[in-house]
Amino acid sequence: MSDVLHTAAPPERLHRERLLTSDGVRVDSVLLSRSEDRTTAIVLANGFTGTWRSPHTRMIARRMLPLADVMTFDFRGHHDSTGRSTVGDREVLDLRAVVDHLHDRGYSRIATVGFSMGAAVVVRHAATFGGVAAVVAISGPSRWYDRATPRMRLLHFGVEQAVGRLFLRLARRVRVIDRHWDPVPPDPTESAGAIAPTPLLVMHGDTDPYFSVEHPQRVYDAAGHPKELWLEKGMGHAERAMTPERASRVTGWLATHLTPPPSEDAAPD
């Protein structure tokens, strides 16, 4: 693990901004940074109904901050982001807007870390648009329309039925589209093979109540090298299952891919 993770923590800065996607959605984003200028950044992509306001997301961001500046954001239809959630389809444009914005700000090495729906989005983004140095997919699905668990059947009811969408809007501040995907986007297994040579870490809990361990295995098997699969004993689902220790281990993995190698033409000591 990089020594940068153990250095003294300088003051944090918080910058909030609304970013415009290519299809006209305003994405509510927050950049957490250190006082010194840095060229590395990590993007956290929440799961469905997740938000940068969540204490779980904030904990993960602060655990990763010693390594790189961290941008979190709310997907379309969530809280103060405009538009409606498409539950994993058009959200790839939200992530593209965030990554492009960081490149425009001068960040040259960017990693994406996604949870649940966000895991599917970071996989598809890397396969479709590239421009990232590493990808971490945590608690993500391998295919769409999965109803194998009670939690997923409840989620489908929530997004497919009018009463479920009303509950999501009133109770969770999430506005969901009322129509089916057309066309259906590539699922994470289809996208995974196009990520290489960008490094991919697939992380999943063996007690995840939404997706069985078959899902991370399928994504891992479809991906090219370099890749790693972490099956976490006793881990549940997504951001809520990320303990400080798990967040630190993911940060350590990212450090090996975000820390620039010594320049080959550097002058000898």
Side-chain angles (χ1 to χ4, degrees), residues 42-48 50 60 86-92 95-96 99 110-153 155-156 181 183-243 245-247 249-258:
I42 299 168
V43 179
L44 300 182
N46 286 296
F48 180 61
I60 297 165
T86 64
V87 200
D89 179 16
R90 305 290 287 180
E91 282 75 10
V92 70
L95 181 58
R96 184 186 189 188
V99 172
I110 300 170
T112 53
V113 180
F115 304 87
S116 193
M117 180 186 79
V121 174
V122 299
V123 168
R124 184 177 168 206
H125 172 271
T128 305
F129 301 112
V132 294
V135 179
V136 181
I138 300 172
S139 303
S142 63
R143 57 179 176 267
W144 307 130
Y145 305 113
D146 185 83
R147 292 176 168 84
T149 62
R151 293 285 184 91
M152 284 305 297
R153 291 192 287 273
L155 186 147
H156 278 88
W181 289 339
V184 176
D187 69 26
T189 302
E190 295 175 280
S191 295
I195 294 177
T198 301
L200 171 66
L201 170 61
V202 181
M203 181 178 182
H204 207 91
D206 66 356
T207 59
D208 190 309
Y210 287 84
F211 304 116
S212 71
V213 293
E214 171 202 0
H215 287 269
Q217 189 68 57
R218 291 182 76 241
V219 172
Y220 174 81
D221 289 344
H225 293 284
K227 60 182 179 178
E228 289 189 40
L229 174 62
W230 295 359
L231 296 179
E232 298 289 303
K233 185 174 179 58
M235 177 178 167
H237 186 68
E239 301 97 316
R240 290 179 176 272
M242 289 295 289
T243 62
E245 185 272 338
R246 288 180 180 131
R249 283 198 292 116
V250 171
T251 306
W253 184 89
L254 288 169
T256 65
H257 302 290
L258 283 179

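Residue numbers count from 1 along this sequence. Source: prediction; values computed, not measured.
Formation of a donor-acceptor pair under 3.5 Å by the H125 side chain with backbone atoms of V92 is not found in this model. When atom types are taken as modelled, the side chain of T149 and the backbone of Y210 share a donor-acceptor pair closer than 3.5 angstrom. Checked by atom type and distance alone, the side chain of T207 pairs as donor or acceptor with a backbone atom of M235 at under 3.5 Å. In this structure a side-chain-to-backbone donor-acceptor pair under 3.5 Å is present from E239 to G47. Judged by distance alone, the side chain of S139 and the main-chain N or O of H237 form no donor-acceptor pair under 3.5 Å. E91 places no side-chain N or O within 3.5 Å of a backbone atom of G118 that could act as its donor or acceptor partner. In this structure a side-chain-to-backbone donor-acceptor pair under 3.5 Å is present from R153 to R147. Without hydrogens or angle criteria, H204 side chain to F211 main chain gives a donor-acceptor distance under 3.5 Å.
Scanning both residues, H257 and A133, for their nearest heavy atoms gives O-CB, 4.2 Å. P188 and V219 make their closest contact through CB-CG2, 4.2 Å (heavy atoms, listed as atom of the first residue, atom of the second, distance). Taking each heavy atom of A111 and L254 in turn, the nearest pair found is CB-CD2, 3.7 Å. Here the closest heavy-atom approach between residue K227 and residue Y220 is recorded as NZ-O, 2.8 Å. The two residues V123 and S191 have their closest heavy-atom pair at CG1-CB, 3.9 Å. In terms of heavy-atom proximity, A126 sits nearest to V132 at CB-CG2, 4.1 Å.
A cation-pi arrangement, defined by a distance under 6.0 Å to the six-membered ring centre and an angle within 45 degrees of its axis, is absent between R246 and W230.
Residues S142 and E214 fail the side-chain proximity criterion, which asks for heavy atoms closer than 4.5 Å. At a threshold of 4.5 Å between non-hydrogen side-chain atoms, the residues F129 and V99 do not count as touching.
A distance of 6.0 Å separates CG of L201 from CD of E228, quoted to the nearest 0.5 Å. D187 CG to D146 CG: the interatomic distance, rounded to the nearest 0.5 Å, is 11.0 Å. Atoms CG and CD1, on N46 and I60 in that order, are 8.0 Å from each other to the nearest 0.5 Å. Atom CZ of R218 sits about 9.0 Å away from atom CG of D221, to the nearest 0.5 Å. Distance check, rounded to the nearest 0.5 Å: CD1 of I138 to CG of D208 gives 11.5 Å. Here the OG1-CZ distance, from T243 to R249, works out to 7.5 Å after rounding to the nearest 0.5 Å.
Between D89 and R124 a salt bridge is recorded (basic side-chain N to carboxylate O distance below 4.0 Å).
With respect to M203, the side-chain contact (heavy atoms from CB on, under 4.5 Å) criterion is satisfied by exactly one of L231, L229, V250, V113: V250.
Using bins of under 30°, 30° to 60° and over 60° for the plane-to-plane angle, the ring pair W144/W181 lands in the perpendicular bin.
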